[in-house]
Structures are given as C-alpha cells and as structure tokens.
A.B. asks: 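One structure, pasted below without further comment.
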Amino acid sequence: MIASGAPADSLADALLALQLCAIDPGLGGVVARGGMVGDELVIALGAAIGTGAPIRRLPAHIDDERLFGGLDLGATLGAGRVVAREGLLAQADGGAIIVPMAERLSDGVAAAIAAALDTGAVVAEREGTRLEAAARFVVLALDEGVEDERTPAALADRLAFWIDLSGARPSAPMVPVAVHDVMRSPLPAAGDDALDALVSIAFALGIESIRAPILALRAARASARLAGRGDVGEADLALAARLVLGPRATRLPPSPESDAPPPPEADGDPPPPDNDRQEDGKVDRPPLDDILLQAAIASLPPDVLKRLAAGAQARRALSVGKGARQRSPSRGRPVGVRAGVPRGGLRLSIIDTLRAAAPWQRVRAAPPGLIKLTRDDLRIRRFESRAEALTIFAVDASGSAALARLAEAKGAVELLLAEAYVKRAQVALIAFRGTEAELLLPPTRSLARAKKALGGLPGGGGTPLAAGLAAALDLAEGAARRGRTPYLVILTDGRGNVAADGSTVRAQADADAEDAARAIAQAGIPTVFVDTSPRPRPEGARLAAVMQARYLPLPKADARTMHAAVRDAHHA
C-alpha cells in the first residue's frame with residue numbers, strides 16, 4: 001500500500017483523518033501538505049463519505065457566480081419566473097470540496113469557503129435576488145507550496161487536520177474502511193475536564209486560535225464513535241491532541257525539573273522501584289494534561305521539534321510560577337536513602353538495606369544462604385518533588401473603579417489558568433469590599449470552573465484593605481501547610497477606609513492595613529503589589545514596602561498587561 005520511502009505514519013493519519021471527517025463534517029476537513037498522493041486521497045475520501053455523495057473540485061480561477069450561484073437567465077426567460085443556478089458550494093452539500101494548489105487560493109475564495117464551513121449555508125445577492133442554499137461539506141486542501149507558501153489562514157484554521165505527506169509517493173489505492181454504519185449514531189459525550197485539558201495543551205504549544213481545542217474535542221468524540229465507544233476515552237483525546245494540536249504548535253513548553261530522570265544507579269544495582277506505583281498496587285497515573293501534551297509533541301517531526309525548541313529558547317517561556325522543591329515520602333525523584341522504618345508511606349530500599357547488613361553477617365553468625373537483619377540495617381528511600389504553586393489574587397472591589405479592576409483581575413486569572421498546567425499551578429481570587437473580604441474563587445486549575453465562578457463579580461462600597469490582606473495571608477498560609485508554594489498579587493490603590501473591626505476610622509484602617517502587610521512580610525510570602533490608582537500615590541508604595549512586595553504601578557493595565565507584569569515580577 002505504501003511506496004518505498006513514504007512516511008507510513010503520515011499516510012495512516014491522513015486516512016484516519018478522512019474517516020473522522022466523514023463521521024463528523026463539523027471537523028471541516030484536512031490540509032494535506034506535500035507528497036504525491038492527491039488522487040489517492042480523493043479516492044479515499046469518496047470511499048469514506050459514501051457512494052453518491054457529491055465531490056466537487058475547485059477550479060483554480062473560479063468566479064463568484066460559479067462559486068456562489070446566480071440567476072439562470074435562459075431558464076428564467078423560459079419559465080417566466082426567477083430560476084436560480086446553484087454554485088459550487090451548494091452543489092457540494094453533503095459531500096466534499098477538493099482544493100488543488102490550496103497555497104495559491106485567493107483570500108476572497110478562502111473566506112467564502114470558511115463562511116460556509118461556519119454557517120453550513122451559502123448566501124449571495126445576484127441581480128437583486130437573494131440566493132440562499134445549504135452548504136455542508138468537508139474540504140480536502142491539497143497544499144503543494146514550498147517554504148513559506150501555505151493554505152490561507154482563514155481556511156486552514158477551520159480544518160481540523162494538518163498532515164505533512166512530504167516524501168509520499170503513489171502506491172496501491174488507499175481506501176479506508178467505510179464509516180456509513182457509524183455516521184448515524186450520536187457522538188459520544190466528553191466531560192468538561194477533557195476540554196480544559198485540550199485548552200491547556202493548546203496554550204502551552206503556543207496555539208492562539210480558540211477553534212483548535214474545539215476541533216480537537218470534536219475529533220476525540222468522532223474517534224470514540226469510530227471505535228464504537230460510548231464515552232470519550234484517554235486514547236481518543238491523545239489521538240486528537242496528536243492530529244489536531246501537534247501540527248499547530250508554535251513553541252515547546254518547558255519541562256518541569258521534577259520530571260527529570262533520576263540519577264543512574266551504581267553498576268550491578270537493580271533499577272529503583274516504580275515511583276508511580278503505590279503500596280496497594282494501584283498505579284498513580286500522570287495528569288491528563290501531561291498525557292495529551294506528550295501525544296501532541298510526539299507527533300512532530302524531529303526537524304520541527306528542533307525549530308520549536310530554538311524558538312522557545314529565543315523567547316522566554318510563559319509560566320505561572322516556580323514551585324519550591326519539597327521532600328516527599330513516596331513520590332518524586334529519588335535523592336538518596338536514610339536509616340528508618342518503612343511506615344507511614346515511607347518506602348524501603350531493599351538494596352541499600354542489604355548493603356548496610358552485609359558487613360555484619362559473620363559477626364551475627366548468619367546461616368549459609370540467609371541474611372540476618374536488624375532494625376539498624378533498614379534504609380528508607382528519600383524522594384524530592386516540586387511543590388504546586390498557588391497564585392492568590394486579592395482584588396480591591398470597592399469604589400467606582402471596582403468593575404474595571406475586577407475585569408482586569410478576571411482576565412489575568414483566566415490567562416494564568418490557561419497556562420497553569422506547566423508548573424502544576426493553581427489560582428485563587430479574593431475580593432474585598434464593604435466591611436469584609438470574600439473568597440470568590442477557591443484554589444483551582446479548572447478554567448471552566450473559574451469562568452463560571454467569575455461570571456458576576458460584586459463591586460462598590462468601602463475599602464476593608466486590612467481584611468483583604470488578612471484573608472489573602474490566611475489562604476496563603478493554609479496552602480503552604482498543604483505543601484503548596486503561595487504567591488500573592490494585591491490589586492488596590494493602597495488607601496483603606498474600613499478598619500479590621502468594621503469601623504470607618506481612617507487612621508485605624510491605615511494602622512490595621514500596615515499590621516496586615518507586616519504579617520505578610522514576616523510570613524515570607526512572595527508578593528507583588530499592583531497599584532491601580534489613576535495617579536499612583538505614596539500610600540501604595542509605602543504599603544508595598546511594609547509587606548516587602550514588588551511594587552508595580554499600573555494605572556491603565558488591561559488583563560494581558562497585568563498578567564505579563566505579574567509573571568515577570570514573579571520570575572525576577
């Protein structure tokens with residue numbers, strides 16, 4: 001089936017992509033770049049969508065009337081009524097459009113096809129007559145460009161699959177299994193965590209289009225249907241990440257240091273026990289984000305990986321924060337052994353225990369073939385893992401500028417969450433107004449949960465600055481006790497007017513705020529103070545100095561500016 005030297009995996013991916021598009025036309029289609037298998041792909045697509053389905057080839061210089069349709073003058077004169085003639089987009093309804101030399105497609109034609117993919121219909125005005133027809137089809141774009149020649153972005157962005165077939169040559173017909181028997185069954189359901197994971201992976205790979213994770217989710221659902229599964233599984237999501245997100249990557253995410261391989265064991269020693277295997281025999285699987293990320297990266301050719309890695313080194317990689325290393329009784333990277341008893345989750349190092357006991361066997365008069373152990377011989381493995389980072393936003397929700405500050409904080413929270421998987425980071429949000437502080441968003445990594453919780457944020461009233469700082473400190477200390485690395489972001493103008501006891505005495509409010517700021521400094525929690533005053537005043541800088549925070553006057557910051565400033569301050 002595959003000629004010598006052809007990339008077998010790419011050809012198989014192309015066939016699978018055509019099948020998935022036949023199952024769910026909402027995937028848009030396939031961009032097949034390079035290779036000499038265009039005709040074979042057309043035959044395979046026809047087999048996938050079924051005999052009788054219309055397949056139209058787009059002429060190189062098609063005009064608007066041929067594309068959209070128009071008035072059939074002869075038929076109109078003969079019938080005495082308006083008779084419309086279907087255009088190519090409408091003629092392809094229920095089938096497919098083949099786009100040869102897609103890299104030379106004009107922007108206007110690409111936009112027309114993209115609009116039809118978005119709406120499932122074609123609408124045009126011709127000679128004062130409004131023409132409207134259904135136009136639901138799959139696109140096979142045959143991109144034969146070299147170097148920077150590419151299918152127009154407006155069209156390529158709407159096609160789920162970008163497959164590089166460079167080096168492929170004509171061979172035996174590539175006919176996939178027909179999927180007519182599964183096309184009528186409903187698409188399997190997928191949980192919110194699946195979309196959250198795909199969004200995180202897309203952000204990590206530098207994919208800016210929001211369509212990419214949506215198309216990836218549709219691909220996963222179509223894959224589950226093709227396999228006859230009732231629910232979307234991990235294998236379906238990994239396939240979608242590999243075929244949809246991988247080819248769109250523009251950068252490589254940094255690998256967490258905790259994922260580095262353990263140091264090699266001495267010669268003659270057996271390998272260390274599996275760190276991911278718990279005492280009860282169950283396997284502690286890596287997070288879904290990591291599995292999908294590895295699937296997406298694995299799909300990239302070595303030369304692409306090299307280019308992305310070079311680009312990542314040239315640009316500073318985005319990240320939420322640096323989690324501190326922490327000792328763990330049973331998980332992480334092995335960092336040595338110590339004397340101890342294997343209890344409370346501690347894991348015995350058999351080799352090191354035998355090493356400790358071996359010199360004493362003659363003294364202990366051990367029988368041949370047996371080893372006598374004592375409590376002093378027992379050795380426990382030590383592991384080191386990276387603590388999960390928690391960024392806590394404490395936002396001044398008082399006064400007339402509350403809505404703007406909350407909107408900025410909400411946007412920054414969502415940007416941080418979108419990249420949070422890189423360092424296993426979480427984000428929380430506290431708003432203070434009136435006489436108290438409120439935890440609006442508990443620590444989370446879920447972007448969907450954050451958007452739901454931040455949908456309607458309260459604003460207005462007094463400024464209980466002391467209460468807000470105290471609430472942020474309490475949440476940070478609780479996170480530290482649970483092994484996380486807290487990081488505070490305070491958004492306020494630094495002028496509180498409500499004291500800790502709820503009174504409105506300005507002097508007492510200032511004193512209580514300074515006491516709370518001093519407590520943050522004593523706790524040693526990294527903090528950035530974002531002064532949101534239209535004209536920064538001394539109060540904000542003084543309060544930042546008391547809490548030993550990084551001071552950032554950002555009177556006109558939007559969400560992206562704030563996010564970038566907080567990120568840079570955290571890495572400074």
Side-chain angles (χ1 to χ4, degrees), residues 7-35 37-38 40-49 55 95-100 102-103 105 110 113-114 117-118 136-145 150-166 168 174 176-177 179 183 187 198 201-202 205 207 209-227 232 235-250 292 295-301 304:
D9 293 342
S10 296
L11 289 169
D13 286 346
L15 296 180
L16 179 57
L18 294 176
Q19 287 179 298
L20 297 181
C21 288
I23 292 172
D24 182 11
L27 289 168
V30 178
V31 177
R33 181 169 175 80
V37 292
E40 285 78 7
L41 290 178
V42 174
I43 295 173
L45 177 58
I49 63 178
I55 297 181
I97 290 180
I98 312 300
V99 185
E103 75 280 1
L105 194 64
I113 299 175
L117 289 173
D118 287 344
R136 295 176 293 271
F137 48 78
V138 172
V139 175
L140 174 57
L142 303 175
D143 189 328
E144 302 169 12
R150 291 290 186 273
T151 301
L155 177 59
D157 190 38
R158 290 163 171 82
L159 306 185
F161 306 104
W162 301 356
I163 300 178
D164 189 351
L165 294 171
S166 300
M174 302 182 301
V177 178
V179 294
M183 290 176 64
L187 286 172
L198 292 172
I201 299 307
L205 296 176
I207 302 171
S209 172
I210 192 60
R211 290 188 181 91
I214 296 174
L215 290 173
L217 184 63
R218 297 192 74 139
R221 297 177 67 190
S223 172
R225 180 197 276 184
L226 181 62
V232 173
D236 303 312
L237 292 170
L239 175 71
R242 183 172 67 85
L243 293 184
V244 180
L245 300 183
R248 288 170 159 83
T250 62
L292 302 188
I297 294 176
S299 68
L300 301 176
V304 175

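Since the structure is predicted, the reported quantities are computational estimates derived from the model, not experimental observations.
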A.B. asks: Where do Leu27 and Ala222 come nearest, in terms of heavy atoms and distance?
C.D. replies: CD1-CB, 4.3 Å
A.B. asks: With side chains defined as the heavy atoms from C-beta onward, is the minimum distance between Val30 and Leu41 less than 4.5 Å?
C.D. replies: no
A.B. asks: Of all residues at least two apart in sequence or in a different chain, which pass the side chain to side chain donor-acceptor pair (under 3.5 Å) check with Arg218?
C.D. replies: Asp24
A.B. asks: As an exercise, state the distance from CD1 of Ile163 to CG of Leu243, rounded to the nearest 0.5 Å.
C.D. replies: 6.0 Å
A.B. asks: How about Leu45 and Ile98: do any of their side-chain heavy atoms sit closer than 4.5 Å?
C.D. replies: yes
A.B. asks: At their closest point, which heavy atom of Ala141 faces which heavy atom of Ala102, and how far apart are they?
C.D. replies: CB-CB, 3.8 Å
A.B. asks: Measure the shortest side-chain to side-chain distance between Asp164 and Ser10 over non-hydrogen atoms and say whether it is less than 4.5 angstrom.
C.D. replies: no
A.B. asks: Which heavy-atom pair separates Leu20 from Ala219 by the least distance, and what is that distance?
C.D. replies: CD1-O, 4.2 Å
A.B. asks: How many angstroms lie between CD1 in Ile207 and CG in Leu245, if you round to the nearest 0.5 Å?
C.D. replies: 4.5 Å
A.B. asks: Just by modelled atom types, is the Asp143 backbone N or O under 3.5 Å from a matching donor or acceptor in the Glu103 side chain?
C.D. replies: no
A.B. asks: Within the 4.5 Å heavy-atom criterion, are Val244 and Phe161 side-chain neighbours or not?
C.D. replies: yes
A.B. asks: Out of curiosity, Ile113 CD1 to Asp118 CG, how far, rounded to the nearest 0.5 Å?
C.D. replies: 12.0 Å
A.B. asks: How close do Ala22 and Ile49 get, counting heavy atoms only, and between which atoms?
C.D. replies: CB-CG2, 3.9 Å
A.B. asks: Going by heavy atoms in the side chains, are Leu16 and Leu226 under 4.5 Å from each other?
C.D. replies: yes
A.B. asks: Search all heavy atoms of Ala202 against all heavy atoms of Pro213 and return the closest pair with its distance.
C.D. replies: CB-CD, 4.2 Å
A.B. asks: Taking atom CG of Leu18 and atom CD1 of Ile23, what is their separation to the nearest 0.5 Å?
C.D. replies: 11.5 Å
A.B. asks: Could you tell me whether the side chain of Arg248 reaches within less than 4.5 Å of the side chain of Leu205, counting heavy atoms only?
C.D. replies: no
A.B. asks: Are Leu117 and Leu155 close enough that some pair of their side-chain heavy atoms sits under 4.5 Å apart?
C.D. replies: yes
A.B. asks: Do Arg150 and Val31 come within less than 4.5 Å of each other through their side chains, counting heavy atoms only?
C.D. replies: no
A.B. asks: Looking at Leu187, Asp236, Leu237, which one forms a side chain to side chain contact (heavy atoms under 4.5 Å, CB included) with Arg221?
C.D. replies: Leu187
A.B. asks: In Å and rounded to the nearest 0.5 Å, what is the CG to OG1 distance from Asp157 to Thr151?
C.D. replies: 12.0 Å
A.B. asks: If you compare all heavy atoms of Gly46 against all heavy atoms of Ile55, which two are closest, and at what distance to 0.1 Å?
C.D. replies: CA-CD1, 3.7 Å
